[in-house]
Amino acid sequence: VAGEAPRPGIKWVSDVLRGGRKVGGVLTATETQGERLRSIVVGIGLNVASTPPLAPTPFVPSATCLAEAGAPVALADAFAAVAAALQERFIGLARDGPAGLLAAYREASLVIGREVYVFEEGTDAQVPGEPWPAPIFRGTIRAINDDLSLVLEGVPEPISKGRLAFAESCRRFGI
């Protein structure tokens with residue numbers, strides 16, 4: 001629909017983007033015992049009413065908030081919507097296993113089919129006066145495996161860790 005705000009999506013592994021700008025992120029931890037899930041810890045950051053002041057990097061070239069991205073909402077309403085969505089996903093996960101959650105993640109992915117650069121973990125910013133470090137992998141993402149590792153064209157092993165940046169963002173930073 002013309003004039004409609006772009007649908008949010010996921011930049012691997014846990015950044016939430018809207019219109020190419022970071023609006024939030026998710027951190028998770030799980031504890032299992034054999035095949036049984038014992039606990040889940042979920043941390044969610046969502047820029048609701050204001051955009052945090054972030055220095056641009058290839059990993060997060062720009063940020064936004066729901067209000068600026070065309071979706072103004074009260075903090076209480078944003079919290080209620082996130083809590084309801086988490087409950088719905090948890091019920092589906094308990095009832096049907098991970099297949100539906102994985103399908104939804106892949107559907108929301110912004111990386112499949114995109115050219116990306118993957119850097120060592122811990123690469124967050126440029127050291128003043130120094131060039132950006134070289135990426136450890138470059139290429140086009142072909143798929144996301146069930147463990148959320150990436151299938152990168154021309155790379156024999158799946159990528160399960162690292163900092164991902166879109167190639168166009170890296171080029172803007174001279175990488």
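Just so it is clear, the structure is predicted and the values come from calculations on it, not from any experiment.
- Of the candidates I10, D146, L101, L148, D146 is the only one forming a side chain to side chain contact (heavy atoms under 4.5 Å, CB included) with R106.
- The main-chain N or O of I40 is never found under 3.5 Å from a side-chain atom of T30 such that the two would form a donor-acceptor pair.
- From E121, atom CD reaches atom NZ of K161 across 6.0 Å, with rounding to the nearest 0.5 Å.
- Contact record, S169 with P61: OG-CG, 3.3 Å, taken as the closest heavy-atom pair.
- In this structure, A67 and A49 approach most closely via the heavy-atom pair CB-O, 4.1 Å.
- The neighbour count for E168 CD, taken as heavy atoms of other residues, nucleotides or ligands under 6.0 Å away, is above 12.
- Contact check for F79 versus I44: no side-chain heavy atoms found under the 4.5 Å cut-off.
- If you take CZ on R18 and CG on N47, they are separated by 12.5 Å, rounding to the nearest 0.5 Å.
- Residue pairs meeting the ring pair (Phe, Tyr, Trp, His ring centres under 6.0 Å) criterion with at least one partner in residues 35-62, sequence neighbours excluded, are F59-F119.
- Although no hydrogens or angles enter the test, the distance criterion places a donor-acceptor pair under 3.5 Å between the side chain of K11 and the main chain of L164.
- There is no path of hydrophobic side-chain contacts, each under 4.5 Å, that joins I112 to V16.
- A continuous path of hydrophobic side-chain contacts links L102 to I141 [ILVMFWY only; heavy atoms under 4.5 Å].
- Atoms OH and CZ, on Y117 and R171 in that order, are 5.0 Å from each other to the nearest 0.5 Å.
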List the steps and the verdict of side-chain hydrogen bond (donor to acceptor under 3.5 Å, both in side chains) for E31 and S39.
CA-CA 5 Å; E31 179 185 4; S39 65; 3.3 Å; yes

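- Closest approach of V48 and C65 over heavy atoms only: O-CB, 3.8 Å.
- Residues L66 and V23 are in side-chain contact: their nearest non-hydrogen atoms beyond the backbone lie under 4.5 Å apart.
- If you chain together hydrophobic residues whose side chains sit under 4.5 Å apart, L46 and V42 fall into the same group.
- With respect to D15 and R21, no salt bridge is recorded, no charged nitrogen being found less than 4.0 Å from a carboxylate O.
- Between F166 and V111 the shortest heavy-atom distance is CE2-CG1, 3.9 Å.
- Heavy atoms from other residues, nucleotides or ligands lying under 6.0 Å from CD of Q87 number 12 at most.
- Using a distance-only test at 3.5 Å, with no hydrogens or angles considered, a donor-acceptor pair links the side chain of D147 to the main chain of S149.
- Annotation: the span from T140 atom OG1 to L150 atom CG amounts to 12.0 Å, rounded to 0.5 Å.
- Shown here for F137 and L152, the closest heavy-atom pair between the two residues is CB-CD2, 3.5 Å.
- Hydrophobic clustering places F90 together with V82 (ILVMFWY residues linked when any side-chain heavy atoms are closer than 4.5 Å, directly or through intermediates).
- For the atom pair I136 CD1 and I159 CD1, the distance stands at 7.0 Å (nearest 0.5 Å).
- Of all heavy-atom pairs spanning S109 and I144, the tightest one is OG-CD1, 3.5 Å.
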